[in-house]
Each structure stands twice: as C-alpha cells, then as structure tokens.
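Following: one structure in structure tokens, then a few remarks.
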Amino acid sequence: MIEVERLNVHFGHNQVVHDVSFHVAPGETFGLVGESGSGKSTVLRTIAGLVPGWDGGLAVDGKALGPKRDRAFFKSVQMVFQDPYGSLHPRQTVDRILAEPLAVHGIADAESRITRALEEVALPRVARFRYPHQLSGGQRQRVAIARALIADPSVLLLDEPTSALDVSVQAEVLNLLADLRQARQLTCILVSHNLAVIGHLCGRLAVMQGGRIVEILRQEQLRDGTAQHAHTRELIALSHELEG
Amino acid sequence: MAAVSRAWLLSDAPASRAQARWGRRYQLWLAFRRNPLAVAGLAVVLAMLALALAAPLLATHDPGVQSLANRLAPPSSEHWLGTDELGRDSWSRLLYGGRVTLGMVVAVVILVAPLGLIVGCVAGYAGGIVDKLLMRVTDVFLAFPRLILALAFVAAMKPGIESAVIAIALTAWPPYARLARAETLTIRNTDYVAAVQMTGASPWRIICRHVAPMCLPSLTVRVTLDMSSIILTAAGLGFLGLGAQPPIPEWGTMIASARRFILEQWWVPVIPGIAIFTASLAFNLLGDGLRDVLDPKQR
C-alpha cells in the first residue's frame, strides 16, 4: 500500500533522513520508533507531502508520488498531528473544521457526515459548535481524528497522536484508533517514541536512529527480546525501566 | 430560533454556527466593556460619525452661505460656534466638514486594509521570489516620508478630495502589508495550516479562509491606531491647500484658512482643531482597547 524506497530528506544542506526504505501492506499498521530527532516524524511528513526537498521513491496505492500532491492523494491519505492544541484552527468551530475537507473535496450531505463523524469518535453533540479552546485535550484529538477520517481516506498517518495527552486519556484515544482502524480497514503508519504504544497497535515496526532505520522487526520480537540491534535493545530496556 | 438573550449568547453548547459566532463576539464585547477609556473612545467615534451623517438635520445654517457683515463673530445664540472669515456658520461647517474628513478616513481604510492584508498574506504564505518582490515594493513605499510622498502624488494629480484619498492610501498600506506578512510567517508553519494543506485545499483558499482571518485582529488594531495619523495627514494636506478645495468645508482646510486670526479671533481656527484632536484621541483610545481584547498574544 505504501512503499518508501531509499528516501533522503534535506533541510537546506542538512540531511536529516538517510536512505530509508520500508513497505506497508494494505490494512497493516506500521510503527516508526526512535528518540526525538531521529527523523521519524520527518519521514511521516514527507509521505504526507508537507516537507519539500526529498529524493528517493515514494508510492501510495501503487501510484508514485511527486513533489506536488494532487487532490486525490489528499482524499486517500490523511494525518493526525501530535499536538491537538496546535492542529485545530483556534478561530473555527468544530463544525467548521469538519466541514472544510468536505467542501474542498466537493462532498455533499455535509450535515449527516459531520453528525456521523462526531458519533464515530464519541464526541457529544453539544461539542459540534464549540471552539477548540472550549474542549479538553482528549476531545480535541478526537476532533482531529474525525477531521482526518471525514473524507474516507484509506491511509492514516499518525504523528505521536497521544504523546501530548494525559496518561488517562492516552488509552482512550489509542483504543479509539484501534477500533477505527479495524472498522474502516485503514492502513496506518504510527510514529511514536513510546514502545508500549507501538507494541499495542503495530504488527511491524522500524527503529530509527540518526535519520536511518537500524532495524525492522515484528511485534513478537519486541516481546520475546530477539531484537538484534544494540539501539533497539537500549530502547526496550529503557521502556522496561520506565514502566518500573 | 431561540430568543437572543444573555444565556443564549453565553451558552457553552451552542446549537448553530450563528450562535457560536455571536457568542464569541459577545465574549469580546464583555472584555472590551471592562475598559472604560476604550468604551469612551468608541462612544466618541460613534457620536462623531452620527453627527457627520446627520449634518443636514443638525446644521443651523447653510455651510456655504457667506455674510461678510457678520464675519469672525464670537459664539452666540445665532451662531453657536461663531462665524469664520467669510461670515459662514462654524457649527454647520464643522458638521459638514466631519463628513469630508471622516469620509476620507473611512475611504482610506477601505482601500488600504484589504490591500495590505492581501499583499502581506500572499507574500508571507508564498515565500521565495513572490515574497521578495512584494516586500521590496513595500520597502520602496516605506522609504519615503508619508506626507512628502502624499504631497508628490497630489501635486502630480489635481488637488482635491479624491486625489488626497488615493495619495494617503498609497502611502499608508505598506505597514499593514508588513504586519500581515509577519503574522502569516508564524501562522504558515502551524499544524492547523498543515492540516488544511492535507485536505488538498488550494493556496488561495488557505490564505483567504484560514490565514487572513488570523491576521485580521492585529490589523484591525493597527488600523484604529493609525486612524488618527490618517486624519492628521488628511488635515495636513487640506492645510497645505492640496486636499479638499474651498468652499468645501474640511477640518484641516478650515484651520488653514483661519490661521491668520489665531491671536485676535482664536476660536475660529481652534474649533476645528479641537474636532481633529478629539477624533484622533478617540480613535487611539478605541485602538488601545481593541488591542487588549483582540491581540491573540495576550489571551
């Protein structure tokens, strides 16, 4: 579904992603894990078309991607951002935020779609005409998820979707994402620094360090401790330590 | 639709887009109302606009009719604010002059604010060569002293109200473009704009519907704070004989033609002076109040 082939990303003269390759099968959830600054979010944003200055091969659903993405791409690929406080327009109501993708793609029956989208992410009806500052962090992230899904994409890119939320809300949002992925047969790429989150949602994952993928492994390998690379072992040890 | 009440406006669960919008505006108004100076400024501005609009009803005399036998008269029951050097009623001329002066200010703002907003937003959002080109043009206009450039424009065209408005507009837009560009540069890189880009919206749609509305509050504040300087520039052009032409009453022109009498019949030039001063001060107070309410950085 998603093919990334020898991807390099430059910010000016600074190369931040080196020779990254991976494939994601339809319906699979693929994890990208690494320390902050390891380039995992950059890979995700490059696939989303938000980063200029890359070379290598990118393809979604068999179609190769150029530097400029067309509207069809944005209909099938959507993204949920890390910070729900920053990813919702502060001067627009939830209603307006959800109506925008429908207007851009010329999708009719906005009314019923918005109602359905709010139900799907378990937001109360009263939230529809509220501004983002009148919502809690978890509610905002639900709005962001509803926005990403309202035009029926087949690929969902998740950039640390829970790391800006309280621990109590994190589980709710993760379960919501797991349910939606199941119900809509979504192909996902999940970026996180948290191995527990990745292990919960992803079948396969890639470990990144310094802009390179050091190892691609299956979820079971994470659990039974058969990771090969030293950095992966470090991350696993660290997450065990944090869990206590 | 529910009746418009306080509870309806302050509801935290609005039932429609309109209710949500009006609720937000009402919250802004409540915040604005807490600043008595700003409210006073707003009241004075509204009162002046109302007086200017109602000039034909409130004027006691025809502002153009001369009475040389009764020139430079002090205030009396017949002529409330006295008469000028040609015996015309000052009160009536002040009212009609308000139409011209405030009308010029409004015309300048209507021309300038959208222009500055669009130039700034496009430059900031597009970046690269477009940004460089637009900003260098802006710099060229900024490099000249405002009144001098306006003088040159009016001198090139024929003196009159329209030329004065165009001249002031041409010299007033660059700061707005700068401001809008600076705001756009910070907004451009936010996640909420990235999210709109991810919907596949065109750059033009993103600028008009998502970026420009975020620049509006700071631009509104800047415009109200600049109103006074626009009034002063308009009055200055009038004073120099390059704005409104006699016998059209205009506050700056009124001071200019009466300046010879400032020692003996001081009320003749002082009265339009007070009008200019009051209008400028009121706009400044209003602008300060709006800044406290609208500036997103202070919320």
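Lettering follows sequence order; numbering is per chain, from 1.
In this structure, the portion of A:Leu88 lying under 4.5 Å from any heavy atom of chain B is its backbone and not its side chain. Proximity to chain B is absent for every atom of A:Arg69, based on heavy atoms less than 4.5 angstrom apart. For chain B, no part of A:Ala151 is nearby; none of its heavy atoms comes within less than 4.5 Å. For A:Arg147, the part lying under 4.5 angstrom from a heavy atom of chain B is the side chain only. Using a 4.5 Å cut-off between heavy atoms, A:His105 touches chain B through its side chain atoms alone.
When all heavy atoms of B:Ala195 and A:Ser87 are compared, the pair lying nearest together is CB-O, 4.1 Å. What you find for A:Pro101 and B:Thr199 is that their closest heavy atoms are CG-CG2, 3.8 Å. The two residues A:Val77 and B:Met198 have their closest heavy-atom pair at O-CE, 3.6 Å. Of all heavy-atom pairs between A:Ala103 and B:Arg205, the closest is CB-NH2, 3.4 Å. Residues A:Thr93 and B:Ala20 share a closest heavy-atom pair of CG2-CB, 3.7 Å.
Remark: the backbone N or O of B:His210 is paired with a side-chain donor or acceptor of A:His89 at under 3.5 angstrom.
The choice from A:Arg71, A:His133, A:Glu100 that makes the most heavy-atom pairs within less than 4.5 Å of chain B is A:Glu100. The candidate from A:Gln82, A:Arg128, A:Arg96 with the greatest count of non-hydrogen atom pairs under 4.5 Å with chain B is A:Arg96.
In this structure, the side chains of B:Met214 and A:Pro90 come closer than 4.5 Å at one or more pairs of heavy atoms. Side-chain contact between B:Arg17 and A:Phe129 is present, with heavy atoms from C-beta onward closer than 4.5 Å. At a threshold of 4.5 Å between non-hydrogen side-chain atoms, the residues A:Tyr131 and B:Arg21 count as touching. The side-chain heavy atoms of A:Arg91 and B:Pro217, taken from C-beta on, include a pair separated by under 4.5 Å. By the 4.5 Å heavy-atom criterion applied to side chains, B:Gln197 and A:Met79 are not counted as neighbours.
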Would A:Gln134 and B:Arg24 count as a side-chain contact (heavy atoms from CB on, under 4.5 Å) here? Give the steps.
CA-CA 11 Å; A:Gln134 296 169 307; B:Arg24 209 180 83 82; over 6 Å; no
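Around atom CZ of A:Arg125, no more than 12 heavy atoms belonging to other residues, nucleotides or ligands sit under 6.0 Å away.
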